[in-house]
Each structure stands twice: as C-alpha cells, then as structure tokens.
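Right, one structure below, let's go through it.
Only this structure's heavy atoms are used, side chains among them; waters, hydrogens and symmetry mates stay out. Everything numeric here is computed off the predicted structure, so don't read it as measured data.
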2 protein chains.
Amino acid sequence: MAVRMKDIAQDLGVSLMTISKALRNHPDISEGTRKRVLKRIEELNYRPNLAARALVTGKTYLMGLVVPDLVHPFFSQIANAISKVLREQRYSLVITSSQEDPELEQQEIDQLLARSVDCLFIASTQTALEGFRRIEDQETPYILLDRKLPGLAANFIGVDDEQVGFMATKHLIEIGRRRIAHIGTPRVSPALGRLAGYRRALRQYGIRVPAGYVLIRPHGDDAGDATGYDVMKKLLSIRPLPDAVFCHNDPTALGAMKAILDTGLKIPEDIAIVGCGNVKYSDCLRVPLTTIDQDCEAIGERAAKLALKLLDSKTLPRPKTILLKPRLVVRDSTRR
Amino acid sequence: MAVRMKDIAQDLGVSLMTISKALRNHPDISEGTRKRVLKRIEELNYRPNLAARALVTGKTYLMGLVVPDLVHPFFSQIANAISKVLREQRYSLVITSSQEDPELEQQEIDQLLARSVDCLFIASTQTALEGFRRIEDQETPYILLDRKLPGLAANFIGVDDEQVGFMATKHLIEIGRRRIAHIGTPRVSPALGRLAGYRRALRQYGIRVPAGYVLIRPHGDDAGDATGYDVMKKLLSIRPLPDAVFCHNDPTALGAMKAILDTGLKIPEDIAIVGCGNVKYSDCLRVPLTTIDQDCEAIGERAAKLALKLLDSKTLPRPKTILLKPRLVVRDSTRR
DNA sequence: TTGAAAGCGGTACCAA
DNA sequence: TTGGTACCGCTTTCAA
C-alpha cells in the first residue's frame with residue numbers, strides 16, 4: 001500500500017540512506033542523485049511515515065490543544081489561529097474539548113502525552129496542579145491559554161483580567177449607571193480577575209451595591225447562555241433592580257439579555273449589559289453587545305509562536321507570561 | 001524522561017514481554033503477575049508510546065478532520081460531536097481548517113495521510129477527484145461530511161439538500177411571499193442542491209422570479225457574513241425589491257439581515273429571511289432567524305460511529321450514504 | 001506462563 | 001558522496 005523509502009531505493013537501485021538524505025536536503029548528496037530521487041518521490045507520491053520518524057527523532061510534529069468548549073467561538077478562534085501558524089511549519093494540531101470537566105481534561109492531557117506531542121496548549125478547567133507536574137515530568141513544554149492557575153509557574157498567554165473587569169465596570173459607571181450587578185462563574189482565573197476588577201471600579205467611584213448583586217453562575221462556559229439566562233432571572237427578582245450587568249463572558253451576557261428581554265424590559269434603557277470576549281457575530285445580536293475584546297486571534301498566534309520558540313531552544317527557558325491589552329467595544333447594549 | 005516498558009521490566013525483574021502482555025490483557029499471563037505489573041504501571045504513571053505501537057500495528061488511533069472553517073459553529077459542532085464519540089474508544093482527532101482553499105485542503109489531507117491516520121473526515125471544498133484517489137491508494141477509509149462530490153463514490157453523511165431548499169422556499173411561499181430571492185455560493189454541493197430545491201418549489205407553485213433574484217456570493221463559508229452583506233446590498237438595488245430571501249447558510253443570512261436592517265427596511269415585514277444550519281445562538285440575533293436545522297450533532301455522531309465500524313470490518317465495505325432529515329425552525333425572521 | 005528474536009519505517013553515526 | 005549498522009519503543013511469532 002503506502003510507498004516506503006525501501007521501495008524507492010530498490011526502484012532506483014540506490015541505498016535507502018541515499019533516499020533518506022536526499023529527502024532531508026542533507027548536504028552530502030550529489031545534485032544529480034538528489035534530483036533523480038526527488039523526481040521519483042514526486043512521481044510515486046511518497047510521504048515519509050511520520051510515526052517512524054518520530055520514534056527515532058523524538059519529534060512528532062504534533063501539538064495538542066485542550067479547550068473547555070470547542071463550540072465557544074472564543075476557543076475555536078484561538079484554535080484556528082494556532083493552526084494557521086503551526087501549519088506553516090508542518091505541525092499538526094490535535095484539538096480536544098474537556099467540556100469544562102477537570103477529570104476529562106486530565107484524561108485528554110494524558111492521551112496527548114502518550115502521543116508524545118511536542119507541545120501542549122491548555123485552556124485549563126483544572127484547579128489542582130498535580131496534572132501539570134505530570135506534564136513537566138515528561139519535559140513536554142506547555143502553554144496555558146486564557147486561564148492561569150495560582151501557584152503554577154507556567155507559560156501563559158491571555159489578558160489582564162482585573163483590567164478587563166475594571167474597564168467594563170468603569171464604562172457602565174461612565175454612562176451613568178450606579179446599580180451595577182455582576183454575573184461570574186466559579187474557580188477559573190479570568191472570572192475571578194474580572195470580579196476583582198469590578199470591585200475595584202466600584203470602590204474607586206465610591207459606589208456600593210447590595211450583596212445580592214454579585215451572582216456566580218454554576219460551572220464553566222459549556223452552557224454559558226443557558227445558565228446566564230437562569231441566573232439573570234434570579235437577578236431580576238431582586239429589588240431595587242440593577243440598571244446594569246457586567247457578565248464575565250459573552251455567552252453568559254447573551255443568556256442574560258434574553259432573560260431581560262423576555263421579561264419585557266429594555267436594553268439598554270432599563271438595564272445595560274457588558275460582556276467579555278467580543279465573540280464573532282456579537283454585533284448581530286438582538287441588541288448588539290458591548291464587550292471587552294480579548295483579541296483571541298492574537299492569543300492563538302502568540303501562543304503558537306511561543307511554542308515554536310520553546311522547541312527551538314534546547315533548554316527549557318523559564319516560563320513567560322504574555323498579557324494582551326483588552327479593548328472596550330461599545331455597541332447598543334450600553335448606548336443611551 | 002518518559003518511562004518505557006523496558007524500565008518497568010527491569011524494575012520488576014521480569015521480561016519486557018511480560019509487561020507488554022499484562023498491559024494488553026493478554027490471556028497467557030498469571031493473575032498475580034498481571035496485578036503486580038499493573039500496579040507498578042499505575043505508580044510510575046506509565047503510558048505506552050503510541051508512535052511506537054502504531055509503527056508495528058499500523059493503527060495510530062488517530063483520525064483526521066478537515067473542515068472549511070473551524071470557527072463556523074456548524075463545523076465546530078460537528079467536530080465536537082465526532083470528538084465525543086471517538087474519545088470513548090481512545091481515538092484522538094487532528095482537526096484542521098482548509099479556509100475554503102482546495103489547495104490547502106489537499107496539503108492538509110496529505111499531511112494527515114503521512115501521519116497514517118486511521119480514518120479521515122472531510123467537509124471538502126474540492127471539486128477535483130484526484131486528491132481522493134490518493135486517499136484511496138493508501139487504503140485509508142474516509143467519510144465526506146455535508147458536501148459530496150459528483151462522481152465520487154464515497155461514504156457521505158449530510159442532509160438532502162434539495163429537500164432543504166424546497167422546504168425553505170415552500171415556507172416562504174406559504175407565508176404569502178412571491179418575490180423570493182436566493183443567495184447561494186458556487187461549487188459546493190449543498191449550495192447547488194439547495195438552489196435546485198428553491199427552483200423546484202417556485203416551479204411547483206407556479207411562481208416566476210426575475211433572473212437577477214438568484215445571486216451567487218463569492219467563495220465559501222469562511223466569510224459568509226461579510227460576503228452575504230455585500231451581495232444583499234446588490235440585491236437591494238433591484239426593482240421590484242424581493243419580499244423574501246432564502247440564503248444557502250446561516251452566516252450568509254446573518255450578513256444579509258444586517259444589510260437589510262442597515263437600509264432601514266424591516267424583517268420580516270419588508271423582507272423575510274430563511275437561513276440554513278440552525279447554528280448555535282441563531283435565536284439570539286437581532287431578528288431571530290428562521291432556518292433549516294441539519295442536526296450537525298447527529299452528522300458528527302453518525303460519522304464517528306461509521307468510522308469505527310469501517311475500521312472494524314477487515315474489507316472496506318462499499319460506500320454508505322446517510323441522509324439526515326432536515327427540519328424547519330420558524331423564528332421571527334419569517335413571522336408575520 | 002514466560003521470554004528471545006525479528007522487525008515496523010525511519011534516522012544517526014561512522015566506515016568505505 | 002555513498003552505504004552499513006544499530007536502534008527508537010513497541011508487538012508479533014515462536015520457542016522454552
């Protein structure tokens with residue numbers, strides 16, 4: 001079935017080594033032979049078996065990406081951006097989704113390690129560090145995306161989430177809102193950072209809100225819109241009603257908006273909304289959504305480039321943190 | 001660094017073979033030895049090197065998925081569904097995007113073949129058959145998703161697109177529209193099928209529309225919303241203005257809706273819109289979008305199951321076509 | 001029930 | 001410039 005180096009060697013009456021060297025542009029092969037070999041390779045549509053090559057070189061030209069939810073455009077955009085950069089260097093990317101389940105995530109990581117990927121990208125839903133130790137044991141470089149873990153010195157690419165929360169809340173204050181609520185989610189660092197930023201903005205402007213104004217929706221992103229909807233419903237039963245809600249991400253904001261509109265209230269007249277992520281299509285929504293752009297394209301691109309750099313240097317350099325600048329995108333959901 | 005079978009064998013003072021067999025539950029190993037081996041494997045967190053295993057068994061436990069646009073929820077939902085099924089059988093999935101570029105697609109396929117994936121899933125942007133012959137040469141099973149190629153006898157999973165087009169157009173007729181336009185895209189089978197269905201519905205109801213009512217937006221899905229917008233703008237300059245537009249997919253419909261609203265016209269009062277795909281979040285849009293659901297979850301799931309079945313049977317069974325039932329989802333964009 | 005040898009398809013290293 | 005040999009980590013086959 002598949003053509004092997006041996007076949008070509010026999011076919012051409014040279015040794016297997018000649019083929020191997022010609023293929024990789026080894027310097028010590030004559031121009032004539034190389035041409036002849038390459039021509040035959042082309043004709044027979046030969047492709048070296050990467051598994052065999054990996055076995056001896058230790059490089060698989062395979063990287064792994066683990067995201068909490070592949071359908072969330074934030075992550076699929078990151079995946080896409082990473083892919084684009086890696087493709088140019090002939091790397092392939094195994095993409096898996098953990099469905100926001102730490103245990104599943106760990107399984108996937110183990111599976112990828114068994115495959116000896118050259119590098120791992122992880123938007124982790126984990127809180128324990130143990131799994132990462134295992135990655136380090138294998139000396140596989142890895143890069144955390146979007147979410148970081150306290151106490152873990154690892155490569156990280158994301159935004160300054162405290163800044164994100166501050167920016168969003170400040171914007172709401174500046175358009176005159178005072179009863180600003182927040183919908184967050186537990187555990188993951190971006191949500192925690194954004195909550196902290198929200199708090200700082202309120203404090204800085206001397207605004208106090210009822211304790212019930214901070215709600216934490218269950219779990220992670222996987223069903224952000226559905227749980228965002230439910231939590232917003234709860235928020236709508238509180239008096240005084242908030243006049244603004246800052247949501248920790250766009251899908252949650254989407255669900256919240258739906259809940260508000262369902263009740264017959266108006267956005268932004270009655271309640272203004274800010275999301276996070278500037279997910280694709282968020283300007284096509286029922287009410288176009290004001291959001292904090294995290295430039296996910298850039299996150300993916302920078303991550304991929306960092307990965308390639310890590311593989312270049314023989315010794316593992318010490319972990320690098322890249323923080324991208326968040327950017328406020330104002331749309332109708334906060335427009336007067 | 002990584003623990004190998006040899007290490008465990010030495011550690012336990014048995015032969016490498018004992019480990020290998022214990023690991024795979026080979027019958028001829030004593031219960032005691034097996035237990036002892038498995039325990040140590042657990043402790044050392046040993047994972048067999050899949051590349052090495054692949055080299056000898058010829059099975060990589062790796063499959064490949066090529067889609068035109070990973071950020072398009074239609075495809076990321078399919079990817080997710082495939083992943084879920086495969087994960088249970090310990091397969092990994094390499095996911096790549098062709099960006100609607102046939103040449104890039106071919107490169108990606110070649111790369112995946114070099115990796116000797118066990119099976120390929122392709123939502124192809126190709127029109128030539130040559131690339132598929134190459135897959136067949138390697139005897140790698142493959143499954144076409146969503147888009148099929150005329151003249152290629154291959155496994156296919158998707159919907160009956162002619163039916164989709166018919167259904168959508170019939171719905172517009174039934175709500176009283178007569179000046180029904182269509183925005184399609186060239187080359188790919190779903191778009192062609194839907195156009196045919198559109199034509200049949202008009203014919204069946206004795207409706208004639210100006211030739212200019214059928215517009216083909218450039219290229220594929222990658223920027224459906226942007227090109228949908230542009231093409232709709234053109235459509236809006238035609239007189240008499242259409243009172244309905246059937247778009248070949250949701251992103252295109254999104255762009256078209258934006259163009260209509262920008263002009264100050266109302267949806268559905270002035271122009272009703274139907275899309276295709278029932279992409280996630282399409283009920284949260286400016287005007288919730290009537291669409292034809294293709295059940296992409298099911299496409300992915302069926303595809304993955306078929307793949308596993310193909311790998312089970314020793315001889316390549318003859319190509320199978322699975323057509324899922326399309327389903328009309330009525331929302332505000334066609335509501336009176 | 002256990003183990004030794006051969007080999008999967010390549011590459012590294014060294015000899016001719 | 002070319003080619004032989006060992007070996008990457010594992011499985012298959014067969015002998016002990």
Side-chain angles (χ1 to χ4, degrees), chain A residues 1-38 40-41 44-62 90 113-118 138-140 314, chain B residues 1-38 40-41 44-62 90 111 113-118 138-140:
Chain A
M1 8 172 312
V3 187
R4 298 156 309 164
M5 271 177 36
K6 206 206 262 185
D7 303 323
I8 302 190
Q10 274 168 2
D11 185 284
L12 251 47
V14 295
S15 97
L16 186 150
M17 281 314 304
T18 311
I19 312 293
S20 172
K21 286 176 179 166
L23 192 68
R24 288 172 295 146
N25 288 318
H26 217 77
D28 49 52
I29 222 88
S30 79
E31 229 2 80
T33 323
R34 185 198 313 288
K35 281 251 171 67
R36 216 157 56 91
V37 170
L38 291 181
R40 200 78 189 107
I41 279 178
L44 295 178
N45 215 297
Y46 167 78
R47 305 244 134 213
N49 179 323
L50 296 181
R53 181 182 281 177
L55 193 54
V56 39
T57 61
K59 271 202 70 164
T60 53
Y61 273 86
L62 200 59
R90 324 223 81 220
L113 289 177
R115 241 175 240 299
S116 19
V117 291
D118 294 335
Q138 307 250 339
E139 294 178 30
T140 302
K314 278 303 135 210
Chain B
M1 9 171 310
V3 186
R4 296 156 310 164
M5 272 176 35
K6 208 208 266 187
D7 303 324
I8 302 189
Q10 277 168 0
D11 186 284
L12 250 48
V14 296
S15 96
L16 185 152
M17 280 316 304
T18 310
I19 313 294
S20 172
K21 286 176 180 167
L23 191 67
R24 287 172 296 145
N25 287 319
H26 216 77
D28 49 53
I29 221 89
S30 79
E31 227 5 77
T33 323
R34 185 197 315 288
K35 281 251 170 69
R36 215 156 56 92
V37 171
L38 291 181
R40 198 80 190 107
I41 279 178
L44 295 178
N45 216 296
Y46 167 79
R47 303 246 134 210
N49 179 324
L50 295 182
R53 180 181 281 177
L55 193 54
V56 37
T57 60
K59 271 203 70 163
T60 54
Y61 273 86
L62 200 59
R90 323 221 86 220
Q111 172 83 353
L113 289 177
R115 239 175 242 299
S116 18
V117 290
D118 294 335
Q138 308 249 340
E139 294 178 30
T140 302

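- Sparse packing is recorded around OH of A/Y61, with 12 or fewer heavy atoms of other residues, nucleotides or ligands lying under 6.0 Å away.
- Between B/N45 and B/V3 the shortest side-chain heavy-atom distance does not fall below 4.5 Å.
- Side chains of A/M5 and A/Y46 form a contact here, defined as non-hydrogen atoms less than 4.5 Å apart.
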Any chance you could list the contact pattern along nucleotides 6-16 of chain C? Use B for base contacts, S for sugar-phosphate-only contacts and - for none, protein heavy atoms under 4.0 Å, 5' to 3'. --BBBBBB---

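- For the atom pair CZ (B/R36) and CD1 (B/I19), the distance works out to 8.5 Å, reported to the nearest 0.5 Å.
- A/R47 CZ to B/R115 CZ: the interatomic distance, rounded to the nearest 0.5 Å, is 11.5 Å.
- In the 5' to 3' direction, nucleotides of DNA chain D lying under 4.0 Å from heavy atoms of chain A begin and end at D/dT1 to D/dG9.
- Taking the side chain as every heavy atom from C-beta outward, B/L23 and B/V37 never approach each other to under 4.5 Å.
- Identified under the side-chain hydrogen bond (donor to acceptor under 3.5 Å, both in side chains) test for residues 48-59 of chain A, with sequence neighbours left out: A/K59-A/Y91.
- The end-to-end axis angle of the helix from C/dT1-D/dA16 to C/dA16-D/dT1, rounded to 10 degrees and based on five pairs per end, is 40°.
- Looking at residues two or more places apart in sequence or on another chain, you find no side-chain hydrogen bond (donor to acceptor under 3.5 Å, both in side chains) involving B/S116.
- Side-chain contact between B/R40 and B/D11 is present, with heavy atoms from C-beta onward closer than 4.5 Å.
- Not counting sequence neighbours, B/R90 has no partner by the side-chain hydrogen bond (donor to acceptor under 3.5 Å, both in side chains) test.
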